[in-house]
Undergrad: 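The structure follows.
So that the names make sense, note that chain A is the first sequence line, chain B the second, and so on, each numbered from 1.
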Number of protein chains: 2
Amino acid sequence: MTVFSLDMINAARGNSPADVIFSNASIFNPFTCTWDKGTLAVKDGIVLGIGDYTGKKEYDLSGRYIVPGLIDAHVHIESSLLTPREYARLVAQHGTAMVIADPHEIANVAGAAGIEFMLSQRAELPLDIRYMLPSCVPATPMDVGGAVLDAPDLARFKNREGVSGLGEMMNFPGVLGGNTDIGKKLEIFSLRDGHAPMLLGKDLNAYILAGLQSDHECTRKGEVEEKLKKGMYIYIREGSTEHNIEELASLISPLTVSRCCFATDDCHVDLLMQDGHIDRCIRKAIACGVKPELAIRMATLSAAERFGLQDRGALAPGRRADFCVIDDPQKFIVGQVFVAGKILTDIPPGTETTLQSTFRCTVPSGDAIRIRSIGTVRVIGIIPHQIVTESLVLPVESAALFKNDILKVVVCNRYGNGACGVGLVRGFKFATGAIASSVAHDAHNVIAVGTSDDAILRAIRAVIGMQGGMAAVFGDEETNLPLDCGGLMSTLPYPDVATRLQKLHEVTDKMGGIEDPFMYLSFLSLTVIPSLRITERGVFDVGEFRDVPLFIE
Amino acid sequence: MTVFSLDMINAARGNSPADVIFSNASIFNPFTCTWDKGTLAVKDGIVLGIGDYTGKKEYDLSGRYIVPGLIDAHVHIESSLLTPREYARLVAQHGTAMVIADPHEIANVAGAAGIEFMLSQRAELPLDIRYMLPSCVPATPMDVGGAVLDAPDLARFKNREGVSGLGEMMNFPGVLGGNTDIGKKLEIFSLRDGHAPMLLGKDLNAYILAGLQSDHECTRKGEVEEKLKKGMYIYIREGSTEHNIEELASLISPLTVSRCCFATDDCHVDLLMQDGHIDRCIRKAIACGVKPELAIRMATLSAAERFGLQDRGALAPGRRADFCVIDDPQKFIVGQVFVAGKILTDIPPGTETTLQSTFRCTVPSGDAIRIRSIGTVRVIGIIPHQIVTESLVLPVESAALFKNDILKVVVCNRYGNGACGVGLVRGFKFATGAIASSVAHDAHNVIAVGTSDDAILRAIRAVIGMQGGMAAVFGDEETNLPLDCGGLMSTLPYPDVATRLQKLHEVTDKMGGIEDPFMYLSFLSLTVIPSLRITERGVFDVGEFRDVPLFIE
């Protein structure tokens, strides 16, 4: 960026007054990780500088601390269950000024129209949304979703405002196999996010050599160390159910901080409302021993540098005057928020046109989801607070199903082919009932888990009845949250979405389930994260990258 | 960059052998500033990775250290007196893999044709030369050189291979004045180098706000601290006569190192041959207390990051296999050099076409350079090892001229307008004789300094006779170095240029002069660096940015 107007230059020189000055502030400087006392001057939403400026308006910050606008390096907005506009209304209050979002979910449902919808929502928000285009629609060649986006489809978006690069390349087997369409996608963009959970050694070398520059899937220290050393940017993730900061915090140092950012990846609206967004990541990092100044640098300048943004990430001349006020860096509670130099004021809830989804799903028959045999089975093992799963091998008699926390999980194709896959999962802890959802990464078929076939079918029926949504069946009670926008997002205002999700969570609590079961459920069909998954075809082994039978012969 | 070929991917995965492996090496990792033992594998000039690779060929490094190819963040190749090809032959031996060069000098002489000449020389060199286009031709609106390059002239070069951005914006008064042509130049490029010696406070804010991102002119600690805090990249300079490392070394820390690079700016061929290039900067920094690992990070990854080069700066997968071998990081003596995985072999000296310069200069009359008055005069004071000068005010009788180290300095326009300016300078220490040169930043007129009018005129005559070059007049003896390429560079092989420059220096030593007097002389006409300068119009005050009379009334 260049801000080359005589008016601005004169104001920066102090020859004419700023629009507004923020006096008596302790201003975070991410270049030196220091707090500098001074007066911040802003004109036309741009920082003029810090110095003895005068302004037409003055905010006396009385010694409080100000921090540049926070940046989320990788997020799927759809996972909040909110539209981009509602998402912006919510996270802006937490000091987030920019998110780098991958509209991967809506693209898997609705293709280019889904991306257009997300782009159309960027305007006039208190949050700057930049998109990394979804690289894997469908997630793998074996998955069947609502669309296929090949390299020419993505190339059409290249020079669109708000498009920054290529989103997480989940199909690492495709990369390692030299898939030519993947090669073409990589050539279109100079910024390319990776996705390489547990990929190490020479296969990781090959993946990086192919052009992938970042990873947000690290769960172990050794993994971060290796990926950092090999030149990847590391986005340390803290999502609704993906908690990586605690394990990785000790790796943040003055030397590594410039190559590390925060990412929230997938967060439900209720978590965002209750606990916050990137501010939550900073608090968590501080609680895990990271110095506040390093945590804030990660959330500001490091992210701006990674994405080549010279006009963000710091309160320095020529950069956007996005910032938030805090009372205590160690506690990092966001108070007032300023967007382009103006105090954040709420915008009205969206009256936006929604995205019509083609929802063509039928309730499977009882026979279709019955497990007749007895023997040794593959069971998906949920790992608390992680997105990766275990691949368990357990002896099961049909009578043992729905006992010992081994529940049935069912995926029904929502795009009209009638396919239905059945598997087993351990870890939800439901004692009764079932839940179902049309949020099921990445094809977003209908997925259900429950304690009886009957409850499972009822939950699926409820989701189909809403043409997409979330449902919980508990006794005679049916509770739901319609997701009218592509079966992924609600067009309701965010507080209403949070309330309805909260009601669902109250019911699942009563059913004995773990916290946030819908988030875990949504990942069970994600064929790009180890170890065991469930698709409309049945059980899928990510390590072997193939469908495997439920029963081991 | 993306290196997406199945062949490369398979080799990175270890499924097929590398072209060459470098075993038993301690490999510098700039991401963590550590030395990692391992085997480096290379194919097609690209790093596959570090690991248990096999190769068609093996170099056993027997425990020695290898360091990624060094990068000079800002240099004027012309100042070496060599053509780019000869310059590359020389600095590649010192481990330099890339220079970010500003062809500002040749452009001031020959305009777009000068830039074309520099671009034409990039091919098939052991050095990757990237150009930042000269932003100030002429250096200031008051200077008259061989060309004027306005924004449309530069825009034509924007997408040329080898062009990276906009070179140092010296005309900071123009920036601060909101000059519209400068604004247009800034808008063309996203990478923009600054030049802001001693610019601080709100004027510095305005300069940065206008879009300038770096500075290589810092001479003081406080200046670096302020510029770092305001978001500038700092290139710490160590040129032939511009020595800034010693003063600034203590500011290099794990937190700041990612925003700091090295630059050599202006180095004569003899210094490069005797003392080295960026390797010299690293040694100097280490001698000044910087940890070797931080100094090497500055010279590698930090520079690559600043210029957005994802394929340089580290020996990591997908990056160019440029590196050098050293025996001891603390001593940093460059041994073998590898360019794209191959051992450096000398290329033949250039038989290149030269750049014809229009050299239209006449020897001034004795009257034209005579100083008739006596009184109080402005005298340019040379500061050893610095590019900045002092502005002295001294009482002088005409009889005192050429005594007490106060010498006459003369600038003659070389573009045909016949102008001739006369001033006084202290610091050269010549006891007899005179020197003259057609290297005189930035217009590159003929400049001379000497102990008598007669010797000065003879030296000027010698330079004109060569149609550009350097000359020393000592008694009856005349020694010279023709600069047949635009009056700035010699097309001779670099060892011959060094030998002839050495002979000049032997003569200037005999004359009692300071070390490297031609470099100091070349900067005396540089109207963009404080404090006092000399032009074809006479004495110039940089602070006041105007011509001033020699005599103070």
Undergrad: Who passes side chain to side chain donor-acceptor pair (under 3.5 Å) against A/Ser258, sequence neighbours left out?
TA: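 For A/Ser258, no residue satisfies side chain to side chain donor-acceptor pair (under 3.5 Å) once neighbours in sequence are set aside.
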Undergrad: Quick one: does A/Leu255's side chain get under 4.5 Å of B/Leu294's, heavy atoms only?
TA: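 A side-chain contact exists here, since the closest heavy-atom pair is under 4.5 Å.
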Undergrad: Top residue by heavy-atom pair count (under 4.5 Å) with chain A, among B/Gly201, B/Gly178, B/Gly313?
TA: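 Among the listed options, the one with the most contacts to chain A is B/Gly178.
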Undergrad: For B/Ile50, is it the side chain, the backbone, both, or neither that has a heavy atom closer than 4.5 Å to a heavy atom of chain A?
TA: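 Just its backbone gets close to chain A.
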Undergrad: Taking 4.5 Å as the heavy-atom cut-off, does anything in residues 166-177 of chain B contact chain A, and if so which residues?
TA: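 B/Val175, B/Leu176, B/Gly177 fall under the 4.5 Å cut-off.
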Undergrad: Please look at A/Leu315 and chain B and tell me whether the side chain, the backbone, both or neither of the residue comes under 4.5 angstrom of a heavy atom of that chain.
TA: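 Neither the backbone nor the side chain of A/Leu315 comes within 4.5 Å of chain B.
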Undergrad: Let me confirm one number: the OH-CD distance from B/Tyr233 to A/Gln310, rounded to the nearest 0.5 Å.
TA: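 If I round to the nearest 0.5 Å, the distance is 5.5 Å.
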Undergrad: With a 4.5 angstrom heavy-atom cut-off, is it the side chain or the backbone of B/Leu204 that approaches chain A, or both, or neither?
TA: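 Neither part.
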Undergrad: By number, which residues in residues 30-40 of chain B have some heavy atom less than 4.5 Å away from chain A?
TA: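 Near chain A, by residue number: B/Phe31, B/Thr32, B/Cys33, B/Thr34, B/Asp36.
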Undergrad: With sequence neighbours excluded, what pairs up with A/Glu293 under the salt bridge (Lys or Arg N to Asp or Glu O under 4.0 Å) test?
TA: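 Residues passing salt bridge (Lys or Arg N to Asp or Glu O under 4.0 Å) with A/Glu293: none at all.
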Undergrad: Measure the spacing between CG of A/Leu209 and CD1 of B/Ile9 and express it to the nearest 0.5 Å.
TA: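 The CG atom of A/Leu209 sits 7.0 Å away from the CD1 atom of B/Ile9.
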Undergrad: Shorter than 4.5 Å, heavy atoms on both sides: which option in A/Arg259, A/Lys230, A/Lys229 has the most such pairs with chain B?
TA: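 Highest number of pairs under 4.5 Å: A/Lys229.
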